[in-house]
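For reference, the structure is listed below as structure tokens.
Letters A, B, ... are given to chains in the order of the sequence lines, protein chains preceding strands, and every chain is numbered from 1.
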Amino acid sequence: MSKPYYDSADLRKFGNITEWSEELGNKFFDYYGKVFEEGALTAREKSLIALAVSHTEQCPYCIDAYTKDTLQRGVTKEEMMEAIHVGAAIKSGATLVHGVQMMNKVNKLDG
Amino acid sequence: MATKSLQKSGSDLANSNRQIEILSNGIFKSGELPTFKAKISETNQFPLKAKKLEILQINVGYMCNQVCDHCHVDAGPDRKEIMTRDTMKQCLEVIKNSGAHTLDLTGGAPEMNPDFRWFVEEAAKVGIKDFIVRSNLTIIRANKKYYDLPEFFKKHNVHVVSSMPHWTRGKTDKQRGDGVFDKSIKALQELNAVGYGMPDSNLKLDLVYNPSGAFLPGDQMSMEKDFKKALLEDFGIQFHNLFAITNLPIARFLDYLIASENYEDYMYQLVEAYNPSAVANVMCTNTLSISWNGYLYDCDFNQMLELPVNSKAKHISEFNEELLEGRNIVISQHCYGCTAGAGSSCQGVVA
Ligand code: SF4
Ligand code: SF4
């Protein structure tokens, strides 16, 4: 049987990255932990942002992790899907807005 | 959505030995989970010992008007186990003579026991500090004969603790059955109308939240905030506290975990979230659970797994507080559910 590149069980091993670079790994996890604490934004809001970003980044580990995390925070599936649309809108908007650069270039090169 | 209990549907998980076998030996494809015993030994907390008895939890029967997907009791309309008045009388003797300050009636739907009201009336006379009835809410709207339950609870100053899986219809009905949300809302409004759950009211109304699937409950305080806001804005409902409870991998929840191929991942989640500081306050340390037929257990979960107390006193008729105090609590892999994250008990978080 062929092995897929991504194995969901690998997510459990995320913490092991500190083994090969302890200081940097710990610094990352400290930072990461701090980012997701309650702050000016609630942990729930941060979790929804993370869910949207995990989709635009297309990271299967993060998608699994933040799908679970948002569920744990009582987020509904409608809210989850809307958050992903926000990510998708930004992603497509960001693609399309570069069309202006393309148009500028065309106008410059091709009068 | 379940329509029958595991027992009625002839599932092999209706057999508690089968459940214990799955929990102990695992059905994992890869890796091995540490035993709960090994885990609590790391912090010298084995054997887990019972402290002074504070709470008597009495399970007056497994009959229920609902068949919730996650039910650890495997309760339902098809379950006929019901506590008799004679056993209730034995319980009353114990309540009178023990040092327990809290009485916690559970089921099934405790209200469906034909002697429920008699028992509440008698028990209320004994002067217990906190008298809890775990009501599933919909029973209040299930049949005319239950419509006056809010008044009845009020009359006997019962502390009502009710399950409410979510503040939205979709999530609630998914876990507990179609129409449960609307009936629960109506029941909560009726409890509010007689004074339950109002900010300054002595008529205590608490809600229990447990996740609708294979994930752990989020932070109890922020969940409570979200529940309060949504129920007040959408339905004008008020309540006191929200208890966030972790689903323990037994009975119908275990069945669901296995069928949905979430069992392995869920057990890892529980073990990863293991919190050694929750161990000292797991509910079995100050609670005794009494089954419908009068047997004694460390908790309602051990009752369902048919793991009786490790004591010479095994039945309510042999109750002896001194003998039971300091007993070694019977543990197994399901206990990880009580020590994950902030911990979980019938009163919510423990750490
Ligand atoms: S969870 Fe409660 S309400 Fe649901 S079936 Fe079990 S005992 Fe009944
Ligand atoms: S499942 Fe029961 S025995 Fe195990 S820790 Fe929880 S309350 Fe104690």
Side-chain angles (χ1 to χ4, degrees), chain A residues 1-19 25-26 29 32-52 54 59-84, chain B residues 28-33 164-175 181 207-231 234 242 244-247 260-274 340-342 344 349:
Chain A
M1 205 174 79
S2 69
K3 273 187 101 186
Y5 276 97
Y6 289 110
D7 179 350
S8 62
D10 282 346
L11 181 54
R12 284 185 214 126
K13 301 182 200 151
F14 188 18
N16 298 356
I17 62 155
T18 53
E19 284 170 16
N26 287 339
F29 283 118
Y32 193 95
K34 264 263 164 293
V35 166
F36 283 96
E37 280 174 10
E38 295 274 333
L41 293 176
T42 62
R44 187 181 196 271
E45 287 163 337
K46 290 179 181 185
S47 185
L48 269 168
I49 295 171
L51 181 71
S54 68
C59 169
Y61 299 118
C62 297
I63 291 173
D64 277 3
Y66 284 96
T67 300
K68 194 183 280 173
D69 193 70
T70 43
L71 281 171
Q72 285 180 189
R73 293 177 196 284
V75 175
T76 62
K77 52 190 181 203
E78 291 79 10
E79 291 172 305
M80 290 161 76
M81 192 54 95
E82 275 186 30
I84 292 170
Chain B
F28 292 98
K29 292 179 283 296
S30 60
E32 252 183 52
L33 285 180
M164 192 72 193
H166 204 264
W167 58 85
T168 58
R169 182 176 288 107
K171 272 185 172 266
T172 300
D173 285 359
K174 181 178 162 278
Q175 183 187 77
F181 183 76
L207 297 186
V208 171
Y209 160 79
N210 62 299
S212 53
F215 51 93
L216 306 185
D219 175 65
Q220 179 167 284
M221 254 166 57
S222 41
M223 292 296 289
E224 180 178 287
K225 232 167 65 198
D226 292 341
F227 262 88
K228 284 198 165 161
K229 186 166 175 284
L231 288 180
D234 297 349
L242 181 87
I245 291 187
T246 304
N247 287 319
S260 60
E261 296 185 0
N262 276 308
Y263 175 67
E264 179 174 341
D265 195 46
Y266 192 75
M267 292 308 288
Y268 270 106
Q269 269 185 78
L270 290 182
V271 175
E272 267 161 32
Y274 169 74
S344 175
V349 303

Task: Residues A:Arg44 and B:Asp219 bridged, charged N to O under 4.0 Å - done: no
TODO: Grab the two heavy atoms, one from B:Met223 and one from A:Gln72, that are nearest each other, plus how far apart they are.
DONE: SD-O, 3.9 Å
Open item on the list: Are more than 12 heavy atoms, taken from residues, nucleotides or ligands other than A:Phe36, located less than 6.0 Å from that residue's CZ atom?
Closed with: yes
Task: Side chain proximity check, A:Thr76 to B:His166, heavy atoms < 4.5 angstrom - done: yes
Can you tell me how far apart [atom1] ([X]) and [atom2] ([Y]) are? Round to the nearest 0.5 Å.
X        : Y        : atom1 : atom2 : answer
A:Leu71  : B:Leu216 : CG    : CG    : 11.5 Å
B:Asp265 : A:Asp64  : CG    : CG    : 8.5 Å
A:Lys77  : B:Lys174 : NZ    : NZ    : 7.5 Å

TODO: With a 4.5 angstrom heavy-atom cut-off, could you sort out which part of B:Pro217 is near chain A: side chain, backbone, both or neither?
DONE: backbone
TODO: With a 4.5 angstrom heavy-atom cut-off, could you sort out which part of B:Tyr209 is near chain A: side chain, backbone, both or neither?
DONE: side chain
